[in-house]
Amino acid sequence: MPELPEVETVRTGLEMAWVGHKIVEVELRRKTLRFPFPEDMIERLQGRKIVAIRRRAKYLLVDLDNGSIWLNHLGMTGRWTYDASEYDGKHDHVMIRFEDGSVSVYNDPRRFGVMDIMVGASHKLLDHLGPEPLEDWSGVELADRIGGRKSPIKTLLLDQRTVVGIGNIYACEVLNRVQISPTRKGGDISEEECRLLVSESRKVLLEAIAAGGSTLKDFKAVDGSLGYFTHQFRVYDKEGQKCPCGGTVERFMQSGRSTFWCSSCQD
DNA sequence: CCGACAACCTGACGGC
DNA sequence: TGCCGTCAGGTTGTCG
């Protein structure tokens, strides 16, 4: 489900619902998602007040009032909702109840999501992550990182070591907007093109955040609202349809993922 | 070191 | 109606 704009949309929603509230009850309906829940996750959350919710890459970092951090990743289909009146959906795996009686439920059909409690400031899953595209990224930085690489630029943009937050939708959209072929080798991308990739990536991500993310099937914000950036897709999931340039959108597989692009304007 | 690929899991959809 | 193959917003680990 979530790339940076979707995670950011969820973060904003959770921030409004959770910050300042104390967790009084946590219930786990199963022992694992992608990894097992930490043994002591329930005890570490119960009785804690949430003081802030941050995002690093596609991870949500929930700051607790004792200094520890509750790490969340939504995988492909993870979703938080609040004020869920029921907690018996087939894929409702986690429930947290706050002091004021409100309830939030984590639902995740494919269970690729992750939850963990960080004790220090670092975590194995965060160690290798590249720059935040909306903060400390630049054309020079990107050129540095992909220089000499033989992998296709599409694959490199998806690699969270190159830059974080970009997934399959936005990688396709950005490459179409800058008219670069997804098959170009990283090492063959000029510094000027890197600058272009950086500025256009930021633009697309910000537009998508403003639209509340992209809803393909099941993505929804915490309050249930849909993401409207889907309507601004130029190529993603548009095989056979018209690219804005007049060409036709094509699809092929790269490293196991579908790439949507237009051979008329991207080269 | 690098890149392709399978694996994790459920559900939706199209073809027969 | 059912069965099978394919694909889906992500990430990790393995193999050549």
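Proteins get letters first, then strands, A, B, ... in listed order; numbering begins at 1 in each.
Atom pair A/Glu239:CD and C/dC7:C1' shows a separation of 12 Å (rounding to whole Å applied). Distance, A/Gln254 CD to B/dC5 P: 11 Å, rounded to whole Å. Computed from coordinates, the A/Asp92 CG to B/dT10 P distance equals 15 Å when rounded to whole Å.
Taking the side chain as every heavy atom from C-beta outward, A/Phe37 and A/Asp116 never approach each other to under 4.5 Å.
Distance noted for atom P between B/dC5 and C/dT6: 15 Å (whole Å). A gap of 22 Å separates the C1' atoms of B/dC9 and C/dG2, to the nearest Å. With both ends at atom P, the span from B/dA7 to C/dG5 equals 15 Å, rounded to whole Å.
The number of heavy-atom neighbours closer than 6.0 Å to NZ of A/Lys238, taken from other residues, nucleotides and ligands shown, is above 12. Heavy atoms from other residues, nucleotides or ligands lying under 6.0 Å from CZ of A/Arg30 number more than 12.
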Donor-acceptor contacts under 3.5 Å from residues 193-211 of chain A side chains, at least two apart:
from	atom 1	to	atom 2	distance (Å)
A/Glu193	OE1	A/Arg184	NH2	2.7
A/Glu193	OE1	A/Ser190	N	3.0
A/Glu193	OE1	A/Ser190	OG	3.3
A/Glu193	OE2	A/Arg184	NH1	3.3
A/Glu193	OE2	A/Arg184	NH2	3.3
A/Arg195	NE	A/Glu192	OE1	3.3
A/Arg195	NH1	A/Glu191	OE2	3.3
A/Arg195	NH2	A/Glu192	OE1	2.8
A/Ser199	OG	A/Arg195	O	3.3
A/Ser199	OG	A/Leu196	O	3.2
A/Ser201	OG	A/Leu197	O	2.6
A/Arg202	NE	A/Pro133	O	2.8
A/Arg202	NH2	A/Trp137	O	2.4
A/Glu207	OE1	A/Arg177	NH1	3.4
A/Glu207	OE1	A/Arg177	NH2	3.2

Can you give me every donor-acceptor pair (side chain of residues 244-252 of chain A, partner residue at least two apart or in another chain, under 3.5 Å) with its distance?
from	atom 1	to	atom 2	distance (Å)
A/Glu250	OE2	A/Ser263	OG	2.5
A/Arg251	NE	A/Glu239	OE1	3.3
A/Arg251	NH1	A/Ser258	OG	2.6

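In this structure, A/Gly256 reaches neither bases nor backbone, as no heavy-atom distance under 4.0 Å exists between it and the strands shown.
Counting all heavy atoms, side chain and backbone alike, A/Arg111 lies closest to A/Thr77 at N-OG1, 4.3 Å.
Note on A/Lys58 versus A/Glu6: no salt bridge recorded, every NZ/NE/NH1/NH2 to OD/OE distance being 4.0 Å or above.
Every stem involving DNA chain C, taken as at least 3 paired positions in a row under the Watson-Crick or G-U wobble test at 3.5 Å, is listed here: B:2-8 with C:10-16, B:10-16 with C:2-8.
Side-chain atoms of A/Ser214 and A/Tyr170 include a donor-acceptor pair closer than 3.5 Å. Side-chain contact annotation: A/Trp80 with A/Asn72, donor-acceptor N/O pair under 3.5 Å present.
Judged by the 6.0 Å distance and 45° axis criteria, A/Arg54 is not positioned over the aromatic ring of A/Tyr59.
Between A/His91 and B/dG11 there is a side-chain polar atom (N or O) within less than 4.0 angstrom of OP1 or OP2. OP1 or OP2 of B/dG11 lies within a sub-4.0 Å distance of a side-chain N or O belonging to A/Lys90. Proximity of A/Ser258 to the phosphate of C/dA8: a side-chain N or O atom is located under 4.0 Å from OP1 or OP2.
Nearest to the side-chain atoms of A/Arg110 among the listed nucleotides C/dA8, B/dA4, C/dG10 stands C/dA8.
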Q | Letter per nucleotide, 5' to 3', of nucleotides 11-16 of chain C [B base touched, S only sugar-phosphate touched, - untouched; heavy atoms, 4.0 Å] | A | BSS---

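Listed in residue order, the members of residues 230-238 of chain A having a heavy atom less than 4.0 Å from DNA chain B come to none. The stretch residues 111-120 of chain A touches DNA chain C through A/Phe112, each having a heavy atom under 4.0 angstrom from the strand.
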